[in-house]
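Each remark here refers to the structure printed beneath this line.
Lettering of chains follows the sequences in order, A, B, ..., and the numbering in each one begins at 1. Keep in mind that what you see is a predicted model, and the values were worked out from it rather than measured.
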Amino acid sequence: MSASFTTATGADVRVRFCPSPTGTPHVGLIRTALFNWAYARHTGGKLIFRIEDTDAARDSEESYAQIIDALRWLRLDWDEGVEVGGPNGPYRQSQRSDVYAGIIEQLKDRGLLYESYVTGEEMEARNVANGRDPKQGYDNFERELTAEQRAAFKAEGRQPALRLRVPDRDLSFDDLVRGPITFPQGSFSDFVVVRPNGIPLYTFVNPVDDALMGITHVLRGEDILSSTPRQIALYEALVEIGVATFIPRFGHLPYVMGEGNKKLSKRDPESNLFHHRANGFIPEGLVNYLALLGWSLTNDRDVFSLDEMVAAFDVVDVNPNPARFDHKKAESINGDHIRLLEADDFATRLVPYLTDYIADPPTPEQQEVLTAAAPLVQERMQLLGEAPGMLGFLFTSDDELQYDDDALKTLGETSGDVLRASLAALGGLGDWTRESIEAALRVALIDGLGLKPRVAFGPLRVAVSGRRVSPPLFESMEILGRESSIARLEKLAARS
RNA sequence: GGCCCCAUCGUAUAGCGGCCUAGUACGCUGCCCUCUCACGGCGGUAACACCGGUUCGAAUCCGGUUGGGGUCACCA
């Protein structure tokens, strides 16, 4: 590649995110969006959001809506593109056919694109006839077809595909995350950019749109690394006809892998961004974890905000090795972010996960309980999806409260005595507060019955929550109220 | 198979020639705190794939080997 093309830097940075709307958003895709976004924000540049919907058979509006949903949920905004518009629209490739048609004509007139009539079967036969591997691929043999030959094919009713004449030399570029990469001449042959029906392929529209939109840095998945020299060849052609004035820099981000050594597949639920949202990831936590897949803030801290990421992010610091998605680590990071939330904010975010128990929005009574109980569980949660298990008992009537089997198993010989002694101690209690409840129970059970705390309070926990583990007992009883607490102790005492 | 990429504890990473008897986090684990579970605190476990070079000195640079991954479509 010529060294004479200039590339923009600093505030002139223009990066893009250009997914195909097929299927539900993948964590790898979103990680790519995040890095592009962070780079734009860090440099004061622009993020362009374009949709590559040139495959009518696989693209869907539902998928498009999901990608928008995902970006907005994670608070990744864009400066130009679908939904927001901009000077380089339209931003959906399905609406840009006219743009492509003009460029195809110019390229063809210059001889940079040429007609190719050979079919796949014919090419295989040709390779066999020439003693080559049948799968060897195209050998550029139609570069110099004469007008007569072309006319003959057309007379047969054949329509040509258009191939790009690739330069007969090595193609190199300096990858932002991997350094210099060279593809030797002959690594690939002239490739099809326009189908016989006139519809251009991804290999064409992607670089063309990048050029037209002034993209300076192409940050994308590693899977496209090997087609980068092809794109550079196209770019050189675009420069020749004046459509592009420079070749962008490329940076290939590492894969996001699943268990073992396989790329996180679309079938794998871990790959589905919304699966994580449904489980109770908060955007702060998920985006933080995604950032850690190939990048780090400092050597001794991995919990940080988007703002902190923006201040520090640079593509050149991205690690080239593939990263495994570790849900344990992801959940731990999420738990840290949950703990960072303001109490009211946290309580509000719990609501959608508690719809089996409360209304959305909650009734005033439910809101009161939720506000009181949220701080008790904020430091014990990694995922908001744990809320029903931890708090459900507070929104269940005394009659309907169920006991978990493993909770009942912890009940022993003394459980009945503990419950009866507790009822006696609590019966005449004046104030119903965490402190008064605890004081009365300690006197009755620890001092009175001589029990160890964990033995004494276990049965009460089961009676109140129906579970073996629960939020702190005395606080739970205070929130539940005197009447309900006593009813629950009596209910369990009756069966002990 | 051709071409390309990658290679530090189980995982994610720090390290960009001496600060490294390799740091941090998750995980696992011991102890403390403690009404359960968590949170928090203090410990422990565990890695430079291999072989050659370059250098006074290499996890760091170079070459090779091995291993992994990707890509070779008229899909994107």
Side-chain angles (χ1 to χ4, degrees), chain A residues 18-22 52-55 57-59 93 116 118-120 133 135-138 159-163 175 177-179 181-184 186-189 191-197 199-203 205-206 221-230 252 254-255 257 259-263 289 292-303 319-333 335-336 339 376-382 386 390 407 410 438 441-442 445-446 452-458 460-462 465 467-476:
Chain A
C18 49
S20 291
T22 59
E52 309 221 322
D53 53 349
T54 54
D55 186 351
R58 294 197 306 157
D59 298 328
Q93 290 183 333
S116 170
V118 73
T119 65
D133 184 327
K135 293 191 185 309
Q136 189 99 27
Y138 190 67
Q159 287 296 314
L162 262 27
R163 289 183 188 265
D175 193 282
V177 346
R178 288 152 214 278
I181 297 173
T182 297
F183 287 74
S187 298
F188 52 90
S189 47
F191 56 101
V192 172
V193 292
V194 183
R195 295 184 180 96
N197 64 9
I199 297 178
L201 292 152
Y202 162 83
T203 45
V205 295
N206 178 278
E222 183 186 344
D223 49 332
I224 326 187
L225 178 57
S226 39
S227 53
T228 299
R230 274 177 262 266
H252 292 91
Y255 282 110
M257 318 282 277
E259 290 298 317
N261 249 355
K262 50 191 189 330
K263 198 175 148 191
Y289 180 68
L292 256 14
L293 261 20
W295 184 76
S296 64
L297 181 71
T298 62
N299 64 170
D300 60 356
R301 194 156 75 90
D302 53 18
V303 175
N319 188 314
N321 359 337
R324 238 156 299 273
F325 190 96
D326 179 352
H327 71 94
K328 287 269 191 60
K329 172 87 173 185
E331 286 168 18
S332 169
I333 297 276
D336 288 334
R339 257 153 253 130
L376 303 182
V377 294
Q378 187 168 5
E379 66 183 26
R380 354 180 93 70
M381 257 189 212
Q382 291 200 307
E386 296 165 45
M390 288 183 177
T410 65
E438 176 168 7
L441 290 174
R442 283 194 183 277
L445 306 178
I446 313 300
K452 287 197 180 308
R454 62 183 304 131
V455 179
F457 300 131
L460 298 181
R461 182 182 314 285
V462 175
S465 69
R467 313 187 111 230
R468 188 174 56 78
V469 310
S470 79
L473 180 60
F474 314 118
E475 286 87 341
S476 295

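- Residue Tyr255(A) is in sugar-phosphate contact alone, with no base atom involved, counting any heavy-atom pair closer than 4.0 Å across all strands shown.
- Of all nucleotides listed (G69(B), C4(B), C74(B)), C74(B) comes nearest to the side chain of Pro196(A).
- Comparing U60(B) with G53(B), their P atoms are spaced 14 Å from each other, to the whole Å.
- For Arg178(A), whose side chain is taken as the heavy atoms from C-beta onward, the closest listed nucleotide among U11(B), C5(B), C39(B) is C5(B).
- Here, C9(B) and G15(B) have their P atoms 16 Å apart, quoted to the whole Å.
- One can place CD of Glu379(A) at 15 Å from P of U34(B), the figure rounded to the nearest angstrom.
- Listed pair Arg195(A) / C75(B) meets the phosphate criterion, a side-chain N or O lying under 4.0 Å from OP1 or OP2.
- Using a 4.0 Å heavy-atom distance criterion, Ser227(A) is classed as making no nucleic acid contact.
- Each of Glu222(A) and Asp302(A) has a nearest nucleotide on RNA chain B; the 5'-most of these lies closest to Glu222(A).
- Annotation: A22(B) and C16(B) have their C1' atoms spaced 15 Å apart (nearest Å).
- Of the residues near RNA chain B, Gln93(A) and Val177(A), the one whose nearest nucleotide (by heavy atom distance) lies more toward the 5' end is Val177(A).
- Pro472(A) comes within 4.0 angstrom of a nucleotide base, judged by non-hydrogen atoms across all strands.
- Side-chain proximity of Lys328(A) to the nucleotides A7(B), G27(B), U36(B) is greatest for G27(B).
- Arg468(A) and Thr410(A) share no donor-acceptor pair across their side chains, judged by distance under 3.5 Å alone.
- One N or O donor and one acceptor, one from the side chain of Arg461(A) and one from the base of C35(B), sit under 3.5 Å apart.
- For the OP1/OP2 pair of A76(B) and a distance below 4.0 Å, the side-chain nitrogens and oxygens of Thr54(A) include at least one atom meeting the criterion.
- Distances from the side chain of Phe457(A) to the nucleotides C75(B), C6(B), C35(B) place C35(B) closest.
- Here the closest non-hydrogen pair linking Asn321(A) and Pro254(A) is O-CB, 3.1 Å.
- Between Gln159(A) and Asn197(A), the closest side-chain pair of non-hydrogen atoms is not below 4.5 Å.
- Residue Pro184(A) is classed as a sugar-phosphate contact, given heavy-atom separations below 4.0 Å to backbone atoms only.
- Side-chain proximity of Ala323(A) to A38(B), A12(B), C74(B): nearest is A12(B).
- For Lys329(A) against A25(B), a side-chain N or O and a base N or O form a donor-acceptor pair under 3.5 Å.
- With both ends at atom P, the span from C6(B) to G63(B) equals 12 Å, rounded to whole Å.
- Between Phe325(A) and Tyr289(A), a ring centre-to-centre spacing shorter than 6.0 Å is recorded.
- Across the strands present, C31(B) finds its partner in G41(B); the criterion is a Watson-Crick or G-U wobble pair with both atom distances under 3.5 angstrom.
- The side chain of Leu201(A) has C74(B) as its nearest neighbour among C35(B), C74(B), C37(B).
- Here the side chains of Phe474(A) and Leu460(A) are not in contact, with every heavy-atom distance at 4.5 Å or above.
- Checking the phosphate oxygens (OP1, OP2) of U34(B), no side-chain nitrogen or oxygen of Arg454(A) falls inside 4.0 Å.
- Under 4.0 angstrom from either OP1 or OP2 of U36(B) there lies no side-chain N or O belonging to Arg468(A).
- Of all nucleotides listed (U71(B), C35(B), U11(B)), U71(B) comes nearest to the side chain of Asp223(A).
- Within 4.0 Å (heavy atoms only), Leu473(A) reaches at least one base atom of the nucleic acid.
- Residue Asn299(A) places none of its side-chain N or O atoms closer than 4.0 Å to OP1 or OP2 of A22(B).
- C61(B) and U55(B) have their C1' atoms separated by 10 Å, with the value rounded to a whole Å.
- Backbone-only engagement by Leu293(A) is indicated by non-hydrogen atom pairs under 4.0 Å involving sugar-phosphate atoms exclusively.
- Salt bridge present: Glu222(A) and Arg178(A) bring a charged side-chain N and a carboxylate O closer than 4.0 Å.
- When heavy atoms are screened at a 4.0 angstrom cut-off, Ser470(A) is found touching base atoms of the nucleic acid.
- Here the closest heavy-atom approach between residue Val462(A) and residue Ala407(A) is recorded as CG2-O, 3.7 Å.
- The Pro320(A) side chain lies nearest to C6(B) when the options are C35(B), G40(B), C6(B).
- For U8(B), one of the phosphate oxygens OP1 or OP2 lies less than 4.0 angstrom from a side-chain nitrogen or oxygen of Asn321(A).
- Out of U71(B), U36(B), C6(B), the shortest distance to the side chain of Arg230(A) is found at U71(B).
- Rounded to whole Å, the separation between the P atoms of U45(B) and U24(B) comes to 12 Å.
- Side-chain N/O atoms of Arg380(A) and base N/O atoms of C37(B) include a donor-acceptor pair closer than 3.5 Å.
- Summarising the base pairing, U71(B) is matched to G2(B) through a Watson-Crick or G-U wobble pair whose two defining distances lie under 3.5 Å.
- Of the listed nucleotides (U36(B), C35(B), C74(B)), U36(B) has the atom at the smallest distance from the side chain of Val469(A).
- Taking atom C1' in both G64(B) and G70(B), one finds a spacing of 22 Å when rounded to whole Å.
- Taking atom C1' in both U71(B) and U65(B), the straight-line distance is 23 Å, to the nearest Å.
- Between Ser296(A) and A14(B), a side-chain N or O to OP1/OP2 separation shorter than 4.0 Å is present.
- Between Glu386(A) and Arg380(A), the shortest heavy-atom distance links the atoms OE1-O, 3.7 Å.
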